[in-house]
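Just below is one structure, and these are the notes that go with it.
The figures that follow rest on heavy atoms only: side chains count, while hydrogens, waters and symmetry mates do not. Along the sequence shown, the residues carry numbers beginning at 1.
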Amino acid sequence: MRSLPSRRAVLGASAALAGSGLLAACAGAAEDHGSAHHGAAAEAAAPGDYVDPAGPEVQAAEAARKATGPLTEVKVTATATPLDLGGGHVFRSWAYGDKLPGQEVRATAGGTLSLTLANNLPEATSLHWHGLALRNDMDGVPGLTQRDIAPGGSFTYEFAVPHPGTYWFHPHTGVQQDRGLYAPLIIEDPKEPLAYDKEWVVVLDDWLDGVDGSTPDAVLAELRGANGKAAGHAGHGAAPAASPTGTTGPSRVRMAGESDVLGKDVGDVAYPYYLINGRAADDPSVFTARPGDRIRLRIINAGGDTPFRIALGGHELTVTHTDGFPVEQARTGCLLLGMGERYDVLVTAQDGVFPLTALAEGKGQAALAVLRTGSGTAPTAATRPAELSTRPLMADQLKAAGSAALPARTPDRTVSIRLTGTMARYNWAFDGTPYTPDQRHPVRAGERVRLELRNSTPMWHPVHLHGHTFALGGGTGARKDTSVILPGGRLTVDFDADNPGLWMLHCHNVYHSESGMMTVLGYERT
């Protein structure tokens, strides 16, 4: 691997300060390094006896990954830009480049990815690599693993990519993810075992930014204010609590919507549009193939508040992977994806024109794309394939493929966490305590760790762990990094503590996480 530029070395040192708790002592110097949100959140971080995000343990783990494959270099700019959602729907938002989703990035497992993010936004930002087991100081959490990237600044993220799969990247700053700041990340397997003719990357999203003056920041302020919740949680590099343009928009708070799978309250926000690959349902994107083609769909839920039930009309889906890791193949008519989840499926294309419909679960609307292999009438936004009425497959029904199964082992440590909060008070948290960067649930390198999560709230939550994949069912199920936990339900997962650092665990409903439903698993120094 080539040596890193000196600017990266300086910024890497800043990340080390974030992890060691020295941000408080160096708050003045933080401004010199371009941090706009080092403030109270960063100053709260305490060193304790935990591994530093850029410390020797992290460097040793990165060296052990032995990235001998190709180096992929990419430049991405986060900028304010008009985005065309099709059908005459053009809204000004923030995006990576000038399109939605942002520029797709592909790298090779066993190699190195080097991506420089230039921040042309009016606010500080960051970049998190969702699902990757990467070095801790590249994980992109302001106030914990790095200083955020100030307006006009840039940062080079460089790390080994050991595992193939379907991933994505987005900010970990405030509610920026609910704008247009997301893009797919595909790590290709140099020894790809699947045989297929075409690949279709499918990114699902819910959209409100710029519609009638709405912004995600204003929606968060409305959710807090409308439910008697004062804006007392500082977030992690959060944007201002309200947007001047957003305060004039219509209410986006929703209090209804029921799912036969997820319960009586599936989300907090009513979105005017639901998208597949950046297109609204009245002007969908079209994927062309030939009858008989074997197509690999890589499906990513990049939504802020919406689970999607997805089906391809007239086709059966063969599930091959979830969250990047292979499973024993399973057939289904439809899938249900929580925010942050990914599934890879294979289909054999039939002859004609077919709807790929992603129903916004419990919200009554749907996103649409079209598969065209021949002649026929195009589906419309109102099209609902029969497959959507079947029971959707979810990850707890899957088993890990042999190559991905977590070896049997008795847990060395159990971390028990309770999910708390209500829509009425909008006080989402873990164990009743809103997130602060000094929180630590201790683990040690080499341990088999069992996470026991108990949901005491009336809502479902998609829970995401950074830097690791866990096995469902206490070690016997599919390998995941994001998993659904139902209202009143329990989720037990095991993972090997093999990636030292400070790692976030949080709900991937962006409004829940920014209201406090986040915490940190910290590796103790040995």
Side-chain angles (χ1 to χ4, degrees), residues 128 130-131 139-141 144 168 170-178 182 206 216 219-220 223-224 227 229 233-238 254 257 259 262-263 265-269 301-308 323 336-342 361-362 394-395 415-437 439 441 451-468 470 472 480-493 503-521:
H128 168 60
H130 186 112
D139 191 47
V141 180
L144 186 73
W168 61 301
H170 60 81
H172 227 286
T173 301
V175 289
Q176 290 181 5
Q177 181 215 314
D178 213 22
Y182 60 84
D206 40 22
V219 169
L220 178 60
L223 286 164
R224 288 173 169 169
N227 296 284
K229 176 69 174 176
H233 168 59
H236 60 302
R254 60 185 309 280
S259 164
L262 298 179
D265 195 348
V266 296
D268 303 338
V269 182
N301 184 354
D305 177 76
T306 304
F308 286 98
D323 290 2
L336 185 63
L337 287 83
M339 295 80 79
E341 286 192 289
R342 292 93 61 212
E361 185 79 358
M394 296 178 67
V415 178
S416 298
I417 297 176
R418 188 167 59 97
L419 285 66
T420 57
T422 66
M423 181 67 181
R425 295 186 60 200
Y426 224 74
N427 56 342
W428 307 112
F430 288 131
D431 294 321
T433 303
Y435 170 71
T436 56
Q439 293 174 3
H441 292 275
L451 278 176
E452 291 185 343
L453 304 173
R454 181 165 61 91
N455 184 4
S456 62
T457 82
M459 290 188 70
W460 75 285
H461 301 275
V463 178
H464 173 52
L465 174 62
H466 288 207
H468 303 77
F470 47 71
L472 299 182
K480 298 276 288 176
D481 56 70
T482 309
S483 191
V484 168
I485 179 168
L486 297 175
R490 293 176 180 268
L491 178 68
T492 300
V493 300
W503 299 103
M504 295 218 66
L505 177 75
H506 65 94
C507 176
H508 219 276
N509 182 314
V510 69
Y511 298 98
H512 292 184
S513 62
E514 273 307 294
S515 295
M517 193 173 270
M518 304 189 290
T519 192
V520 177
L521 300 186

- Is His466 close to Leu144 at the side-chain level, that is, under 4.5 Å between some pair of heavy atoms? no
- Residue list, side chain to side chain donor-acceptor pair (under 3.5 Å) with Ser456, at least two apart or on another chain: Arg418
- Any chance you could measure Glu514, atom CD, to Thr173, atom OG1, to the nearest 0.5 Å? 8.5 Å
- Item | Set of residues satisfying side-chain contact (heavy atoms from CB on, under 4.5 Å) with respect to Thr482, sequence neighbours excluded | His130, Asp323, Glu341, Arg342, Pro462, His464
- Query: Should Leu472 and Ser483 count as side-chain neighbours, where that means a heavy-atom distance under 4.5 Å?
  - Reply: yes
- Could you pull out the closest heavy-atom pair between Phe470 and Val463, with the gap in Å? CZ-O, 4.4 Å
- Item | Note, Asp178 side chain near Val269 side chain (heavy atom, < 4.5 Å) | no
- Exercise: identify the closest heavy-atom pair between Gln177 and Tyr182: O-CD2, 4.2 Å
- Can you name the closest pair of heavy atoms from Met339 and Pro307 and give their distance? SD-N, 3.8 Å
- Message: What I'd like to find out is whether the side chain of Asp431 reaches to under 4.5 Å of the side chain of Thr519, using heavy atoms alone.
- Response: no
- Note on the structure: Closest heavy-atom pair, Gly263 versus Val266, reported as atoms and distance to 0.1 Å, is O-CG1, 3.9 Å
- Which distance, rounded to the nearest 0.5 Å, do you find between the CH2 of Trp460 and the SG of Cys507? 7.5 Å
- Message: Could you check whether His512 and His506 have their ring centres less than 6.0 Å apart?
- Response: no
- Please test Tyr511 against Tyr426 for side chain to side chain contact (heavy atoms under 4.5 Å, CB included), starting from the C-alpha separation and ending with a verdict. CA-CA 9 Å; Tyr511 298 98; Tyr426 224 74; 3.2 Å; yes
- Message: One pair to check against side chain to side chain contact (heavy atoms under 4.5 Å, CB included): Leu453 and Ile417. What are the steps and the verdict?
- Response: CA-CA 5 Å; Leu453 304 173; Ile417 297 176; 3.7 Å; yes
- Report the C-alpha separation of His508 and Asn301 in whole Å, then their side-chain angles, then the decisive distance to 0.1 Å, and conclude whether the side chain to side chain contact (heavy atoms under 4.5 Å, CB included) test is met. CA-CA 10 Å; His508 219 276; Asn301 184 354; over 6 Å; no
- Message: With a 4.5 Å cut-off on side-chain heavy atoms, are Ser515 and Arg224 touching?
- Response: yes
- Task: Under the side-chain contact (heavy atoms from CB on, under 4.5 Å) rule, collect the residues that match up with Ser416, sequence neighbours excluded.
- Result: Thr414, Glu452
- Message: How long is the straight-line distance from CE of Met518 back to CZ of Phe430, given to the nearest 0.5 Å?
- Response: 9.5 Å
- Item | Value rounded to 0.5 Å, distance of CD1 in Ile485 from CG in Leu491 | 5.0 Å
- Message: Nearest 0.5 angstrom please: Met423 CE to Leu223 CG, how far?
- Response: 5.5 Å
- Item | Atom of Pro458, atom of Gly421 and distance for their closest heavy-atom approach | CD-O, 3.7 Å
- Item | Gln439 side-chain N/O to Leu521 backbone N/O, donor-acceptor pair under 3.5 Å | no
- Message: Looking at Gly267, is its backbone amide N or carbonyl O close enough to the side chain of Asp305 to form a donor-acceptor pair, meaning the two atoms are under 3.5 Å apart?
- Response: no
- Has the side chain of His128 got a donor or acceptor atom that lies under 3.5 Å from a matching backbone atom of Asp139? yes
- Query: Can any side-chain N or O of Asp481 pair as donor or acceptor with the backbone N or O of Gly467 at less than 3.5 Å?
  - Reply: no
- Note on the structure: Between the CG atom in Asp206 and the CZ atom in Phe308, the distance rounded to the nearest 0.5 Å is 5.5 Å
- Message: When you measure from the side chain of Asn455 to the backbone of Leu486, do you find a donor-acceptor pair of N or O atoms at a distance under 3.5 Å?
- Response: yes
- Could you walk me through whether Asp268 and Val219 pass the side chain to side chain contact (heavy atoms under 4.5 Å, CB included) test, one step at a time? CA-CA 10 Å; Asp268 303 338; Val219 169; over 6 Å; no
- Could you check if a side-chain atom of Thr420 sits within less than 4.5 angstrom of a side-chain atom of Met517, using non-hydrogen atoms only? no
